[in-house]
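Shown next, in structure tokens, is the structure this report addresses.
Below, all heavy atoms of this structure are taken into account, side chains as well, without hydrogens, waters or symmetry copies. By convention in this document, chain letters (A, B, ...) are assigned in the order of the sequence lines, proteins followed by strands, and residues within each chain are numbered from 1.
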There are 2 protein chains.
Amino acid sequence: MPERGHRNIPGSLKQPLADFKVGVDNAIFSVDTERNRLLILLVKRQDEPFLGQRSLPGTLVRQGESLEDAAYRILAEKIRVENLYLEQLYTFGGPGRDPREDATSYGVRYLSVSYFALVRFAEAELIYQTTGDVAWYPIEDIPKLAFDHERILQYGYQRLRNKLEYSPIAFEVLPEVFTLNDLYQLYTTVLGENFSDYSNFRSRLLKLGFLCDTGIKVSRGAGRPASLYRFDSKAFAPLKDKPLVFI
Amino acid sequence: MPERGHRNIPGSLKQPLADFKVGVDNAIFSVDTERNRLLILLVKRQDEPFLGQRSLPGTLVRQGESLEDAAYRILAEKIRVENLYLEQLYTFGGPGRDPREDATSYGVRYLSVSYFALVRFAEAELIYQTTGDVAWYPIEDIPKLAFDHERILQYGYQRLRNKLEYSPIAFEVLPEVFTLNDLYQLYTTVLGENFSDYSNFRSRLLKLGFLCDTGIKVSRGAGRPASLYRFDSKAFAPLKDKPLVFI
DNA sequence: GACATTTTGGTAAAAATTACTATAATTAAG
DNA sequence: CTTAATTATAGTAATTTTTACCAAAATGTC
């Protein structure tokens with residue numbers, strides 16, 4: 001507990017510094033384009049505290065490991081995936097956010113650096129230890145989560161909605177090729193029905209010029225077959241810091 | 001690489017966890033409306049490492065103290081201010097970012113949670129221990145900084161530019177009452193000359209209805225006197241999640 | 001008093017958004 | 001096989017917003 005007798009750390013004599021373990025928790029989102037559902041990856045905890053309860057996949061940071069490395073490691077333990085979008089979300093570090101703080105008498109604090117990730121549903125292969133270990137949950141149907149992970153999840157959901165408006169993250173969750181309707185459905189399921197009319201959404205995005213028509217047509221049930229498009233990141237580059245490209 | 005044989009802390013047997021000290025570093029911005037300069041608060045370090053070099057004001061988190069509390073504490077040590085805008089910026093935590101990690105044989109890591117702050121230049125009173133201890137630096141003229149603080153500063157500067165476009169943070173750095181020209185100058189100094197024509201900027205913002213004319217006129221040198229305006233946060237509330245209000 | 005300077009209010013042209021219509025290409029039903 | 005229903009795509013006219021200016025008002029300066 002007591003922390004003293006050194007030169008370097010200011011304020012250390014009267015006010016002891018906290019010692020931390022640092023965890024990384026991932027809010028991993030995906031979209032099932034077939035069923036039009038926004039999904040979040042949850043695991044069932046194998047350890048105390050909160051044994052058996054659902055949580056975001058997380059891990060504690062190891063010696064010599066960067067935060068991002070830890071985020072990639074825990075993700076790779078739960079899911080096999082080709083492409084992956086990952087960015088830091090927020091850091092939660094108040095005292096008392098982890099029951100292990102009370103359990104040990106050392107007064108170690110547990111801080112969580114959360115990451116926001118997007119994967120393609122069809123590409124992502126879940127890695128089970130036991131069945132039901134890892135699973136996708138639709139965003140409207142999330143069970144009670146361990147720790148403060150509900151808050152992290154909400155934070156990630158908000159980030160997703162914000163970024164859809166000005167950044168091309170939609171193409172990180174959509175399949176490599178997709179119809180314009182797939183794209184539109186993604187936006188409506190995440191952002192709500194009333195953000196734009198389908199026809200206008202189409203022409204706006206096509207005019208921007210970063211969607212290439214592959215020429216391939218797909219027929220899904222009744223109606224005229226739709227063209228499959230591909231996102232051209234080179235053509236998007238000049239729009240990178242333009243605000244509100246997608247809305 | 002193989003991962004096995006333990007119950008509580010995953011990976012702890014073969015792969016020891018890192019122990020952390022957590023620091024908080026503040027990127028505190030202000031604007032001198034008289035001289036039209038964007039300013040950042042720097043301190044001269046009183047301790048090793050980097051003794052005597054400039055850095056962002058920072059501190060290590062104490063026992064029982066939240067991250068935000070630590071951010072407020074270090075800010076209050078350097079500056080006396082009425083109003084303050086503060087939000088979390090980013091967390092830097094890679095191994096090797098702090099020389100103290102090598103100095104101790106314990107392998108303690110130093111993680112930095114950075115905060116982004118805005119204060120009003122005229123309200124903010126610097127607190128000196130020795131002269132030149134704490135000082136405002138114009139953003140175009142930043143000396144070499146300790147640690148990875150240049151990166152944190154750049155990150156904060158980017159956040160400032162982004163938020164100016166869709167959030168009313170301008171009114172956190174401007175004085176309580178200000179002319180429309182003050183507001184315009186702030187935007188041009190931060191965002192560059194060519195973001196909008198003055199006349200159009202004026203009419204757009206006035207039409208939005210959250211700037212109230214106080215009726216008071218000020219004359220600054222030649223030219224017709226300008227009205228002093230005040231930001232009405234209640235009138236702004238409905239625009240809170242509308243994108244791109246200010247550009 | 002003439003003139004430069006700055007604020008303020010405005011307007012016409014251009015551009016973008018919106019609401020809507022029409023047509024094409026397919027499946028499903030009878 | 002014909003017709004209807006369905007979905008994709010193209011386009012258009014009305015509306016709104018943005019843009020590039022212009023002119024008048026109110027001050028300081030020479």
B:L239: what forms a side chain to side chain contact (heavy atoms under 4.5 Å, CB included) with it, not counting sequence neighbours? B:L208, B:F210, B:F236, B:K242, B:V245
Taken to the nearest whole Å, CZ/A:R202 to P/D:dT7 is 15 Å
Pairs under 3.5 Å (N/O, protein and nucleotides 12-14 of chain C):
none

Between A:R161 and A:Q158, a side-chain donor and acceptor under 3.5 Å: yes
Can you tell me which residue among A:L39, A:L38, A:T189, A:V190 is in a side chain to side chain contact (heavy atoms under 4.5 Å, CB included) with A:I139? A:L38
Considering only heavy atoms, which members of residues 174-185 of chain B lie under 4.0 Å from some atom of DNA chain D? none
Shortest non-hydrogen contact from A:Y187 toward A:L164: OH-O, 2.7 Å
Within 6.0 Å of NZ in A:K240, more than 12 heavy atoms from elsewhere: no
Centroid-centroid distance, B:F29 to B:F116, less than 6.0 Å: yes
Contact list for DNA chain D against residues 220-229 of chain B - heavy-atom distance below 4.0 Å: B:G221, B:A222, B:G223, B:R224, B:P225
Can you tell me how far the CG atom of A:L180 sits from the CG atom of A:L206, to the nearest 0.5 Å? 5.0 Å
Within this structure, what is the CZ-CG distance for the pair A:F246 and A:L191, rounded to the nearest 0.5 Å? 12.0 Å
End axis versus end axis in the helix from C:dG1-D:dC30 to C:dG30-D:dC1, the angle rounded to 10°, five pairs used at each terminus: 0°
Checking side-chain polar atoms at under 3.5 Å, does A:D213 have a donor or acceptor matched by the opposite partner on A:S227? yes
What is the distance, to the nearest angstrom, from the CZ atom on A:F246 to the C1' atom on C:dT17? 18 Å
Rounded distance in Å - CG (A:N194) to C1' (C:dT18): 15 Å
Distance in angstrom units between B:F201 CZ and C:dT8 P, rounded: 13 Å
In whole angstroms, how far is the P atom of C:dA16 from the CG atom of A:L205? 15 Å
Quick one: do B:D141 and B:R37 make a salt bridge, cutoff under 4.0 Å? no
Nearest heavy-atom approach of B:L84 to B:Y72 is CD2-CE2, 3.3 Å
Can you tell me the distance, in whole Å, between the OH atom of A:Y198 and the P atom of C:dT17? 19 Å
Classify the side-chain pair B:T33/B:D182 by whether it contains a donor and acceptor separated by less than 3.5 Å. no
Quick one about A:E176 and A:N83 (side-chain donor to acceptor, distance below 3.5 Å, no hydrogens or angles considered), yes or no? no
Taking the minimum atom-to-atom distance to the side chain of B:S219, which one of C:dT27, D:dT27, D:dA10 wins? D:dT27
Indicate, with yes or no, if the rings of B:F231 and B:Y229 have centres closer together than 6.0 Å. no
Look only at the side chain of A:H149 and the backbone of A:S55, and say whether a donor-acceptor pair between them is shorter than 3.5 Å. no
So if I define the base as every atom that isn't primed, P, OP1 or OP2, how would nucleotides 15-22 of chain D read as a B/S/- string at a heavy-atom cutoff under 4.0 Å? ----BBB-
Electrostatic pair B:E82:B:R120 at N-O distance under 4.0 angstrom: no
